[in-house]
Amino acid sequence: MPELPEVETVRRGLQPVMEGARIIRVEQRRADLRFPFPADFARRLEGRQIVSLGRRAKYLIADLDNGMVMVSHLGMSGSFRIEADSEGSLQPGVFHHARSKDGKHDHVVFHVEGPAGRARVIYNDPRRFGYMDLMARADLADHPWFRDLGIEPTGNSLNAGVLAERLAGKTAPLKAALLDQRIIAGLGNIYVCEAMWRAKLSPGKPAGRLVRKSGKPTEALERLTGCIRTVIEEAIAAGGSSLRDHIRTDGTLGYFQHGFSVYDREGKACPGPGCGDTVRRMVQSGRSTFHCPTCQTK
DNA sequence: CTCACATCCTGGATGC
DNA sequence: TGCATCCAGGATGTGA
């Protein structure tokens, strides 16, 4: 499921239940997801208080009161849902699978007690591409998952100059470069397609051509940077994209999928003003790229 | 080094 | 109805 806007939506949904809460009990129902859980995963979490719930790229990071952090990545199909443990009125918006209520593929259950009451925070992941780990907060930045991450496509950290440094000399197609988390961290297939369309850039263009010989960003890269920023901002504001069966526990949907211009719109009219062409699907490094060959020529 | 590709896994949609 | 095939929001390890 989740790219940065969906993970951020999950974080905001979990925050009121988890931040400041104590982890009473953890049910870990299998030994591994994509990777094995760390030794004594459940036991090391039990009794700890969650100081804050953060995010870096597509990772959720729960800071604990003993200097450790629990890191979690949702992979392709991971989701969290919240269930009130007693009479609590917990209704935050957290992405999950509609069908995940049957309990199949519920791999971890966190029983928490905090300002918002008692709750179960349940991790469900049919494909098990997600993963979790525990590490010292001090070791986070040097951990292989984080060490090489590129810039966040949100806020002030994103700017064309930094992207230019990272794209210089790259012969890989722009599409592949934007999916590379070492260059920019948090974009996935949806938002890469959308950003390229907004910037009118061809997905196959060698990424290094967005950088001048001087190392400065081209006008196209400046434009792309702005498009990345706004598409991510808009998607977060919309509560992410609800594709397939992903819904939120309060019954509302993230609605950014209605804002897609090209993603999953093969054969439909390109929404470019006066364009008249249709959206095409092609495969780049094994993954679908949705684009408009008329609009995206630069 | 850089890239393209297969791979991990389940399940939904589609076609015969 | 069954069965086969393709596809899916990610990231990693391989081999060229």
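Quick caveat: nothing in here was measured; it's all calculated off a predicted structure. In what follows, chains carry the letters A, B, and so on, assigned in the order in which the sequence lines appear, proteins first and then strands, with residues in each chain numbered from 1.
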Is there a side-chain contact between K104(A) and the phosphate of dG11(B), meaning an N or O under 4.0 Å from OP1 or OP2? yes
Between C1' on dC8(B) and NE2 on H73(A), what's the gap in Å once rounded to a whole number? 14 Å
If I compare all heavy atoms of I50(A) with all of M18(A), which pair ends up nearest, and what's the gap? CB-O, 3.3 Å
Per T171(A) side chain, nearest of listed nucleotides dT2(B), dA8(C), dG11(B): dT2(B)
Residue-phosphate contact under 4.0 Å: S288(A) side-chain N/O, dA8(C) OP1/OP2: yes
Please tell me which of F290(A) and W145(A) maps to the more 5' nucleotide of DNA chain C, matching each residue to the nucleotide holding its nearest heavy atom. F290(A)
Could you tell me how far dA6(B) sits from dC6(C) if I compare only their P atoms? Round to whole Å. 13 Å
Measure CD1/I190(A) against P/dC7(C) and give the value in whole Å, please. 17 Å
Going by atom types alone, do Y131(A) and D133(A) pair a side-chain donor with an acceptor below 3.5 Å? no
Do E152(A) and S157(A) get their side chains close enough for a donor-acceptor pair, meaning under 3.5 Å? no
I'd like the P distance from dT5(C) over to dT7(B), given in whole Å. 16 Å
Atom CG of D148(A) and atom P of dG10(C) are separated, to the nearest Å, by 19 Å
Any chance NZ of K298(A) has more than 12 other-residue heavy atoms, nucleotides or ligands included, within less than 6.0 Å? no
Sugar-phosphate only, base, or nothing, as touched by Q181(A) at under 4.0 Å among non-hydrogen atoms: sugar-phosphate
For S241(A), which of Y191(A), Y255(A), Y263(A) qualifies under side chain to side chain donor-acceptor pair (under 3.5 Å)? Y191(A)
So, the side chain of E3(A) versus the backbone of I190(A): is there a donor-acceptor pair under 3.5 Å, distance only? yes
For dG9(C), give the paired nucleotide (Watson-Crick: N1-N3 plus N6-O4 or O6-N4; G-U: N1-O2 and O6-N3; both under 3.5 Å), or none. none
Can you measure I183(A) atom CD1 to dT2(B) atom P for me and round it to whole angstrom units? 9 Å
Under 4.0 Å, heavy atoms only, any strand: does F260(A) hit a base, just the sugar-phosphate, or nothing? nothing
Decide yes or no, distance alone: a donor-acceptor N/O pair under 3.5 angstrom between the base of dA8(C) and the side-chain of R127(A). yes
Round to the nearest Å and state the distance from Y131(A) atom OH to dA11(C) atom P. 6 Å
On a plain distance test, is the side chain of R128(A) in donor-acceptor contact with the base of dC9(B) below 3.5 Å? no
Taking the nucleotide of DNA chain B with the closest heavy atom to each, which residue, R34(A) or R182(A), is nearer the 5' end? R182(A)
In whole angstroms, how far is the P atom of dG9(C) from the CZ atom of F256(A)? 16 Å
Counting heavy atoms from C-beta on, name the nucleotide in dG10(C), dC3(B), dG11(B) closest to the side chain of H105(A). dG11(B)
Taking only side-chain N and O atoms of Y191(A), does any of them lie within less than 4.0 angstrom of OP1 or OP2 on dG9(C)? no
Starting from C1' on dC3(B), measure out to CG on L174(A) and report it in whole angstrom. 15 Å
When you measure from the side-chain N and O atoms of K58(A) to the phosphate of dG10(C), is any distance below 4.0 Å, counting only OP1 and OP2? yes
Near-parallel close stack of F129(A) and dG10(C) base (under 5.5 Å, under 30°): yes
CZ of R287(A) versus C1' of dC6(C): gap in Å, rounded? 16 Å
Whole-Å C1' distance, dG9(C) and dC3(B): 23 Å
